[in-house]
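To keep things clear, I will list the structure first and then write my remarks on it.
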Amino acid sequence: PVHPHGHVSHYPGRYNQPKRAPRLDLSDLIRIFVSPTKAFASLYLTTNLERALALVVLFSILSASASTLFTLDMSDVLGYSAMDAFESSLQIFATWAVSMLAFLLFGLSAATIAKNFFGGRGERSSTITLVGYCFPAYVMLSIVFLLIFRVGFAGLDLTSIDDWTSSELNQSIIAGSILFVALLIGLIWLLVVASRAISVANDISVSEAALTAVLSSIVAAVIYVAVHMIVRLPLGLWL
């Protein structure tokens, strides 16, 4: 089978089927962790943008809340006072709004790149929808990273590294190594999951979708950093 842009379809028959009544099935979320291609192929027909965005908002609030609790709990390690921790919490929730913008830009960029570079379907709504279902995996990994940091650096003071004993230095090296490996594995796994979502939404190969995800991440990251810097400017500069 050939899709509208003249390329051989990677999911034959999938795009000719009528979409079903939207539903939110928790089994689909679980399946993403173990069989992402099948999960997204099913979700393409059984969900919609509204449910995906609701999922993203819900899990992003969970992520912001976890970050806030982490900041307060690790104030002694990070060298934060109670006021610093409170202000950091406010910044976390301000960052949440910018993160939502970055997510939408990622989805829009992925659909555009998939269509213009790889002859994909370029379905913006479907791309944002399926990428939205990757968000819970991203949040779960983020929480795992926070827990690793919490356990690994417990009892250390990151503001006085020069005063660390040899045992504290060894603890930080081991914790940092574990965290680095976890981050590397997590990022690779997220790329695998996101590339499957982009592949199904746009009917392109997984390798093309992986490259699309990387390029879209760069676009979203640049915009995220730029907007985040503007948001953090003093009010007078902002005006």
Side-chain angles (χ1 to χ4, degrees), residues 1-20 22-25 27-56 59-60 99-141 184-224:
V2 178
H3 66 57
H5 297 279
H7 291 206
V8 175
S9 176
H10 296 274
Y11 306 93
R14 176 61 46 182
Y15 307 99
N16 296 326
Q17 299 182 39
K19 294 201 173 186
R20 303 162 198 165
R23 60 182 173 82
L24 183 59
D25 192 339
S27 63
D28 291 326
L29 291 176
I30 297 174
R31 194 184 308 169
I32 288 173
F33 286 83
V34 294
S35 183
T37 301
K38 290 182 179 179
F40 290 123
S42 173
L43 285 166
Y44 182 84
L45 299 175
T46 59
T47 191
N48 60 7
L49 182 60
E50 289 75 13
R51 280 166 174 72
L53 290 178
L55 198 65
V56 170
F59 275 84
S60 64
S99 299
M100 292 298 95
L101 174 62
F103 162 75
L104 292 174
L105 287 172
F106 176 87
L108 292 173
S109 298
T112 301
I113 293 171
K115 180 178 181 179
N116 294 328
F117 285 83
F118 304 113
R121 299 175 65 85
E123 294 187 11
R124 288 172 295 194
S125 177
S126 295
T127 302
I128 295 174
T129 297
L130 296 190
V131 168
Y133 273 80
C134 300
F135 207 82
Y138 163 75
V139 172
M140 293 298 103
L141 281 176
L184 184 61
I185 295 174
L187 288 174
I188 292 174
W189 184 73
L190 278 177
L191 177 61
V192 169
V193 173
S195 62
R196 264 61 178 183
I198 294 171
S199 174
V200 171
N202 294 278
D203 198 10
I204 58 178
S205 70
V206 174
S207 59
E208 292 170 338
L211 182 55
T212 298
V214 172
L215 295 175
S216 300
S217 297
I218 295 174
V219 173
V222 170
I223 300 299
Y224 174 86

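- Side-chain contact between Thr212 and Asn202 is absent, with no heavy-atom pair separated by less than 4.5 Å.
- Ser195 places no side-chain N or O within 3.5 Å of a backbone atom of Ala210 that could act as its donor or acceptor partner.
- A pairwise comparison of heavy atoms in Ser205 and His10 identifies N-NE2, 3.4 Å as the closest pair.
- Proximity of Ser199 to Phe40: side-chain heavy atoms (C-beta onward) are nowhere separated by under 4.5 Å.
- A tilted orientation is assigned to the rings of Tyr138 and Phe135, their planes being inclined by 30° to 60°.
- Contact annotation: the side chain of Leu43 never approaches that of Val200 to less than 4.5 Å [non-hydrogen atoms, C-beta and beyond].
- Under 3.5 Å, the side chains of Thr47 and Tyr133 contain a donor-acceptor pair of N or O atoms.
- Residues Phe117 and Leu215 are not in side-chain contact: their nearest non-hydrogen atoms beyond the backbone lie 4.5 Å or more apart.
- The distance from the CD1 atom of Ile185 to the CG atom of Leu190 is 12.0 Å, given to the nearest 0.5 Å.
- Side-chain contact between Leu108 and Ile128: present, with at least one pair of heavy atoms (C-beta onward) separated by less than 4.5 Å.
- Here the side chain of Ser109 pairs a donor or acceptor atom with the backbone of Leu105 at under 3.5 angstrom.
- Closest approach of Arg121 to Lys115, counting heavy atoms only: O-CD, 4.4 Å.
- Expressed to the nearest 0.5 Å, how far CD1 of Ile188 lies from CG of Leu191 amounts to 8.0 Å.
- Annotation: the span from Cys134 atom SG to Phe59 atom CZ amounts to 12.5 Å, rounded to 0.5 Å.
- Taking 4.5 Å as the limit, some side-chain heavy atom of Leu45 sits within range of a side-chain heavy atom of Arg14.
- The two residues Pro136 and Leu29 come nearest to each other via the heavy atoms CG-CD2, 4.1 Å.
- Counting non-hydrogen atoms of neighbouring residues, nucleotides and ligands closer than 6.0 angstrom, the NZ atom of Lys38 reaches no more than 12 such neighbours.
- Of all heavy-atom pairs between Gly120 and Ile204, the closest is CA-CG2, 3.6 Å.
- Looking at every heavy atom in both residues, Lys19 comes nearest to Ser126 through NZ-OG, 3.4 Å.
- Listed here is the closest heavy atom pair of Thr46 and Ser42: OG1-O, 3.0 Å.
- Between the side chains of Tyr44 and Glu123, at least one donor-acceptor pair of N or O atoms lies under 3.5 Å.
- Rounding to the nearest 0.5 Å places CD1 of Ile113 at 12.5 Å from CD of Glu208.
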message = Walk me through whether Phe106 and Thr127 qualify under side-chain contact (heavy atoms from CB on, under 4.5 Å).
response = CA-CA 9 Å; Phe106 176 87; Thr127 302; over 6 Å; no

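- Looking at Asp28, its side chain never comes within 3.5 Å of a backbone N or O of Arg31 through a donor-acceptor pair.
- Expressed to the nearest 0.5 Å, how far OG1 of Thr37 lies from CD1 of Ile32 amounts to 11.0 Å.
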